[in-house]
Amino acid sequence: MKNIRRTLAALLVIAMLILPLAACKDNGNEGPQTSGNVAVTTTPQTFVETEGYDPEGRKYDGYTYRILRYDSEKQGGWVGRPNDIFNEDHTAGILEEAVYRRNKLVEEQLGVTIELFTSHKTFVDDVGKSASDPSAAYDLLLPRLNDVAKLLTNDYIRDWKELELDTTYSWWDKNSIDTFTMAGRVFAMSSDLTFVDKLSSLAVIVNQANAEKLQLQSLIPLVQKHEWTIDKMLELANYATTEISGVKGLYTQNDNSYYFLHSAGIETVTIEDDKLVCNLNNDRAITVLQKAYAALNAEYCRNRQYDNGKTTATSDFVQGFVQQEGGGLFMLRSVESFYEIVKHTTDYVVLPMPIYDDSVKEYCSSVNGYTAVALCLPKTCSRDTDDRTADVIQLLGMYSNREVMPKLYNVVLGTRFAGSADNSEMLRLIFSNRLYDRGLYWSAGIRNTVIITKGAIANAESTVASTITKNLNSINGALAGIYDKALTYSFDK
């Protein structure tokens with residue numbers, strides 16, 4: 001029965017993505033949205049509760065539950081994005097209202113008060129300081145993905161498996177749990193408790209104004225027929241630059257290299273014989289990287305990080321992409337960039353990152369480790385607090401699934417950003433298979449090998465193999481240190 005309920009829940013979420021809500025109130029207070037020439041005016045739908053977590057009547061006597069969250073907004077230069085953990089003003093917008101309501105439901109049911117703290121560049125150090133001061137200790141950590149390994153190697157976080165959490169509920173992200181499991185232990189997880197990881201997922205944005213100038217037919221059937229490939233995207237990008245004066249067919253940045261790796265189903269590290277090992281020293285990975293660097297060197301590419309000799313601000317980059325004269329055809333950016341795009345146009349199409357070739361069975365979306373966060377349990381939480389921790393995060397996840405995610409998917413992304421049933425279907429594909437890459441998050445050596453400097457890009461096609469070989473031992477040595485920490489982990493409080 002439980003599996004049936006969860007299947008129904010999954011089908012319901014898909015249905016709601018394809019049939020987005022028409023928002024009477026969203027973060028921009030906008031009415032019916034337009035994508036191309038199609039106006040979207042749909043009827044609000046009711047979210048049906050199909051599964052639930054039961055804390056069995058436990059109460060915690062007004063306990064203040066302290067959450068430390070990485071400041072993704074400051075890291076990404078984001079402005080005007082709603083906070084996904086805490087909002088005092090429930091009238092600010094539809095997502096703020098949903099987060100406020102979710103927290104109140106949890107607080108009333110468990111007898112707790114949720115308090116949010118944020119930290120940016122000093123996040124790991126702040127966790128260390130809190131470990132030595134019981135009055136400043138936190139109950140839950142939400143670090144950016146890039147900092148999880150630092151928390152582990154500094155002995156600041158616990159194994160989630162010690163709590164025997166049921167993570168089969170639909171609000172848990174199974175890909176994240178599988179990725180962050182090492183030596184049979186789970187040190188980080190993602191759930192619907194936060195939506196910044198969803199906003200940090202990669203999408204391909206199509207500038208419909210330039211697509212129409214090229215008289216391109218809809219690309220969505222290519223996606224549906226599994227024919228939306230890297231080669232097709234680059235072919236059309238080149239065509240756009242050739243045919244329209246001033247247009248750059250592909251707007252991207254140095255991360256293009258790992259976008260391509262993930263489109264080929266390649267994670268930069270794997271686990272072999274109880275070791276984390278670099279997964280780049282093979283013919284397929286090298287070939288994929290060569291194609292990624294060739295694209296960055298191509299005339300049709302505009303690279304945000306080396307744009308006329310400097311890094312262009314995201315807002316200016318997006319505005320340049322959608323400008324009436326020139327602009328771009330495809331832009332590879334996180335879903336979060338929709339907040340900037342809708343300031344300038346509603347005439348765009350959303351697509352998943354293409355598959356690399358026919359051997360790849362699913363479209364795959366990269367998750368940005370600089371802004372996306374995960375749930376970590378600090379070692380300052382002793383075992384006698386495990387029931388409270390489980391109750392709080394399960395209920396936050398459950399009520400997020402009921403209150404916040406429908407608003408995010410249907411109203412903000414579905415209506416305000418997607419603007420059409422086709423775009424909503426594409427968003428469903430993006431969110432259904434998101435790739436968490438430990439190597440990129442945890443290894444500076446891998447990042448420096450894959451995401452290279454301006455001077456190295458020009459010759460990268462011919463040097464990629466030798467660069468990987470040169471760095472391989474140091475990369476594997478650093479990865480071994482992380483995995484050894486997982487193997488030798490202990491907690492006795």
Side-chain angles (χ1 to χ4, degrees), residues 13-14 17 20 70 72-73 75-76 78 81-82 84 95 142 144-146 148 170-180 188-206 223 228 233 251-253 255-268 314 318 330-342 348-355 360 362-375 400-401 404-410 412-414 416-418 423-438 440-441:
V13 169
I14 292 171
L17 281 167
Y70 182 79
S72 300
E73 291 76 16
Q75 171 65 35
W78 299 351
R81 281 45 162 183
D84 56 353
L95 281 176
L142 296 176
R144 63 175 179 170
L145 301 180
N146 284 9
V148 171
S170 62
W171 51 83
W172 291 104
D173 186 304
K174 187 177 184 300
N175 280 359
S176 72
I177 295 170
D178 290 346
T179 296
F180 297 129
M189 307 184 287
S190 292
S191 86
D192 286 347
L193 187 157
T194 172
F195 55 70
V196 72
D197 60 310
K198 284 75 173 174
L199 297 181
S200 300
S201 303
L202 180 66
V204 178
I205 315 301
V206 184
V223 176
W228 174 233
M233 180 180 73
Y251 274 52
T252 186
Q253 57 189 51
D255 302 59
N256 201 63
S257 52
Y258 73 77
Y259 296 163
F260 277 44
L261 285 171
H262 295 168
S263 78
I266 299 172
E267 185 184 355
T268 60
T314 299
V318 170
F330 301 122
M331 181 169 65
L332 310 186
R333 291 291 299 168
S334 64
V335 170
E336 175 277 335
S337 65
F338 293 166
Y339 279 93
E340 292 295 332
I341 294 171
V342 296
Y348 61 86
V349 168
V350 182
L351 300 176
M353 184 67 185
I355 54 172
V360 182
E362 293 183 297
Y363 295 103
C364 181
S365 175
S366 307
V367 180
N368 187 332
Y370 286 95
T371 53
V373 300
L375 282 67
S400 292
N401 190 261
V404 182
M405 290 302 119
K407 304 297 190 302
L408 175 71
Y409 288 148
N410 301 325
V412 176
L413 298 181
R416 183 183 177 199
F417 291 161
N423 277 350
S424 290
E425 181 189 355
M426 296 300 101
L427 283 168
R428 178 186 64 79
L429 281 176
I430 289 168
F431 293 130
S432 66
N433 190 33
R434 299 183 303 139
L435 193 148
Y436 296 81
D437 193 325
R438 291 161 292 196
L440 287 168
Y441 305 152

Suppose we screen for salt bridge (Lys or Arg N to Asp or Glu O under 4.0 Å). Which residues come up paired with R144, at least two apart in sequence or across chains? D147

List for me each residue that meets side chain to side chain donor-acceptor pair (under 3.5 Å) alongside T268, sequence neighbours excluded, and say none if there are none. D437

Please confirm whether the backbone N or O of L435 pairs with a side-chain atom of N175, one donor and one acceptor, at under 3.5 Å? no

Taking the side chain as every heavy atom from C-beta outward, state whether S263 and V360 have any pair of such atoms under 4.5 Å apart. no

Where is the tightest heavy-atom contact between V335 and K198, given as atom of each residue plus distance? CB-O, 3.9 Å

Nearest-0.5 Å distance, CG of residue L427 to OH of residue Y409: 9.5 Å

C364 and M353: which non-hydrogen atoms are nearest, and at how many Å? O-CB, 3.7 Å

Side-chain donor/acceptor of S400 to backbone N/O of D192, under 3.5 Å: yes

Test ring pair (Phe, Tyr, Trp, His ring centres under 6.0 Å) applied to W171 - qualifying residues, sequence neighbours left out: Y169

Rounded to the nearest 0.5 Å, what separates atom CG in N423 from atom CG in L351? 8.0 Å

At what distance, to the nearest 0.5 angstrom, does CG of L413 lie from CG of L408? 4.5 Å

Nearest 0.5 angstrom please: D84 CG to F195 CZ, how far? 4.5 Å

In F260, Y258, Y259, the residue satisfying ring-ring contact (aromatic ring centres under 6.0 Å, His included) with H262 is Y258

Taking it one step at a time, do Y363 and I355 satisfy side-chain contact (heavy atoms from CB on, under 4.5 Å)? CA-CA 6 Å; Y363 295 103; I355 54 172; 3.7 Å; yes

Might you point out which heavy atoms bring S334 and L199 nearest each other, and give the distance in Å? CB-O, 3.4 Å

Between the CD1 atom in I205 and the CD1 atom in I341, the distance rounded to the nearest 0.5 Å is 4.5 Å

So, using salt bridge (Lys or Arg N to Asp or Glu O under 4.0 Å) as the criterion, who are the partners of D173 when residues are at least two apart? R434

Check whether any side-chain heavy atom of V223 lies under 4.5 Å from a side-chain heavy atom of M426, and answer yes or no. yes

Within the distance-only criterion (no hydrogens, no angle test), does the side chain of S200 pair as donor or acceptor with the backbone N or O of V367 below 3.5 angstrom? no

The reported gap from CZ in R438 to CG in L145 (rounded to nearest 0.5 angstrom) is 12.5 Å

Check the angle between the aromatic planes of Y436 and F180 and answer parallel, tilted or perpendicular using the 30° and 60° thresholds. perpendicular

Which heavy atom of Y370 sits nearest to which heavy atom of Y70, and what is that distance? O-CE2, 3.6 Å

By ring pair (Phe, Tyr, Trp, His ring centres under 6.0 Å), Y441 pairs with (sequence neighbours left out) none

Heavy-atom nearest pair, V404 first then L95, reads O-CD2, 4.1 Å

Side-chain heavy atoms of L375 within contact of L142, under 4.5 Å: yes

Partners passing ring pair (Phe, Tyr, Trp, His ring centres under 6.0 Å) against F330 (at least two apart in sequence or in another chain): W228

Here the pair of heavy atoms bringing V373 nearest to D197 is O-CB, 4.2 Å

